[in-house]
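One structure is given below, encoded as structure tokens.
Computed from heavy atoms alone, side chains included, the values below leave out hydrogens, waters and symmetry copies. Just so we're on the same page: letters track the sequence lines, and every chain starts at 1.
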Amino acid sequence: MYIELSSSRPFTLDFTLCCGQTFRWDKQGDWWRGVVGEEAFEIRQYGKTLEFEGVNASFIESYFRLDDDLPNIFLHIDKDKNIRAAINEFKGLRILRQEPWECLISYICATYKNISAISQMLANLSRKFGEETHLDSHSFYTFPKPEKLAKAGLQELQECGLGYRAKYVSETARLVCKKAFDFERLKKTTYEKAREELLDLPGVGPKVADCVLLFSLEKLESFPVDVWIRRVILKYYTKHFSNEFIKRNSARESLSRTDYEKLSYFGRQYFGSHAGYAQEYLYHHERTHR
DNA sequence: CAAGTGCCTTTATC
DNA sequence: AGATAAAGGCACT
């Protein structure tokens with residue numbers, strides 16, 4: 001099946017799947033292969049054409065957020081020359097509409113790990129606790145259900161390379177099962193309320209919560225702050241902060257909770273209702289220019 | 001090539 | 001409030 005993109009609907013598959021927002025996609029030749037929910041599918045792009053197998057067009061439009069009016073979002077977040085440079089270079093990068101449960105566990109696992117290590121952990125978890133499916137001759141594993149991870153032993157989780165994260169994953173899985181954690185409700189409520197509920201989960205701090213909100217709960221104003229984004233702000237946006245704040249954060253490795261909130265709040269105020277897009281562009285830009 | 005550094009941080013403790 | 005330490009292990013230099 002095919003989707004034809006018009007020039008008013010920019011999209012670049014490679015940027016979108018390579019920018020570190022998702023961890024379970026694999027590229028062989030032109031084809032990207034992955035699983036979303038129960039659906040294994042493959043997709044490739046040539047020019048303005050998307051070709052895919054395994055799911056229908058509306059699934060693709062939803063997962064890749066082709067419904068976001070990207071040119072209009074650019075107009076809103078285009079506040080200065082830093083962000084403009086990032087937009088010009090990576091135009092077509094889109095935030096994905098990920099599955100909340102998988103996104104939550106992915107970012108709990110992502111703390112203090114690099115992207116390739118995160119991919120490995122999640123592949124291990126899926127192979128061990130997920131269901132195998134096939135598309136053509138390729139085999140895939142779905143992401144394990146909450147019940148499955150809730151029942152898993154700590155030892156088994158650690159064998160997947162989770163380390164100290166194993167206990168957070170286990171406890172969060174249990175809480176999600178027990179309280180029947182309603183991700184759909186979080187999608188409908190405000191950024192602030194949804195964030196508070198996420199912060200109650202073990203292994204979820206402000207950074208993880210903001211990522212889950214942005215990538216899976218429809219909160220495009222969310223502005224996650226990691227080491228890279230902090231670096232960007234300390235480099236290009238110093239004038240929006242006090243001298244003490246800049247000094248403190250330049251000298252120190254760790255980021256205090258209150259300073260996290262200041263940085264994240266700045267992002268939301270400065271870039272507005274689609275600050276999350278600005279964050280992704282700045283993040284990817286900074287990473288690729290180091 | 002070995003050893004050091006860094007990693008899309010959170011939590012516990014003082 | 002804020003500082004500090006600890007917590008896998010792997011990739012990269």
Rounding to a whole Å, what distance do you find between A:Lys113:NZ and C:dC12:C1'? 14 Å
Rounding to an integer number of angstrom, what distance separates B:dG6 and C:dA7 when you compare their C1' atoms? 15 Å
Whole-Å distance between B:dC8 P and A:Glu280 CD? 12 Å
So, is C:dG8 syn or anti if syn means the angle is within 90° of 0? syn
Protein-nucleotide distance (A:Lys207, atom NZ; B:dC8, atom C1'), rounded to Å: 4 Å
Test: A:Glu221 and A:Arg268 ion pair at under 4.0 Å: no
A:Tyr191 and A:Asp210: side-chain donor and acceptor closer than 3.5 Å? yes
Rounded to whole Å, how long is the line connecting atom CZ of A:Arg230 with atom P of B:dC7? 11 Å
To the nearest Å, give me how far apart CG (A:Asn114) and C1' (C:dT13) are. 13 Å
So what does A:Cys160 touch, heavy atoms closer than 4.0 Å: a base, only the sugar-phosphate, or nothing? nothing
Spacing between A:Ile118 atom CD1 and B:dT9 atom P, to the nearest angstrom: 8 Å
To the nearest Å, give me how far apart CG (A:Leu198) and C1' (B:dT9) are. 16 Å
Does a nitrogen or oxygen in the side chain of A:Gln120 sit under 4.0 Å from OP1 or OP2 of C:dA11? yes
For A:Val204 and for A:Cys211, locate the closest nucleotide of DNA chain B by heavy-atom distance; then report the residue assigned to the nucleotide nearer the 5' terminus. A:Cys211
Once you round to the nearest 0.5 Å, how far does SG of A:Cys211 lie from CD of A:Gln98? 9.5 Å
Nearest-Å distance, OH (A:Tyr260) to P (C:dA1)? 18 Å
Determine the interatomic distance between C1' on C:dC12 and the same-named atom on B:dC1; round to the nearest Å. 14 Å
Reported CD1-to-CG distance for the pair A:Ile229 and A:Leu234, which is rounded to 0.5 angstrom: 11.0 Å
N or O in side chain of A:Arg165 less than 4.0 angstrom from C:dA7 OP1/OP2: no
Taking only N and O in the side chain of A:Ser254, is any of them less than 4.0 Å away from OP1 or OP2 of C:dT4? no
For DNA chain C, whose closest nucleotide is more 5', that of A:Ser116 or that of A:Thr111? A:Thr111
Does A:Arg230 come within less than 4.0 Å of A:Asp259, counting only side-chain N to carboxylate O? no
When the C1' atoms of B:dA2 and C:dC10 are considered, how many whole Å apart are they? 15 Å
Carboxylate-amine/guanidinium proximity below 4.0 Å for A:Lys145 and A:Glu38: yes
Interatomic distance at P, C:dT13 relative to B:dC8, whole Å: 13 Å
Using the side-chain heavy atoms of A:Tyr112, tell me which of these nucleotides is nearest: C:dG8, B:dT10, B:dC8. C:dG8
Please determine if a side-chain N or O atom of A:Arg231 lies less than 4.0 Å away from the OP1 or OP2 oxygen of B:dC7. yes
Distance between P atoms of B:dT13 and C:dG8 (Å, rounded): 16 Å
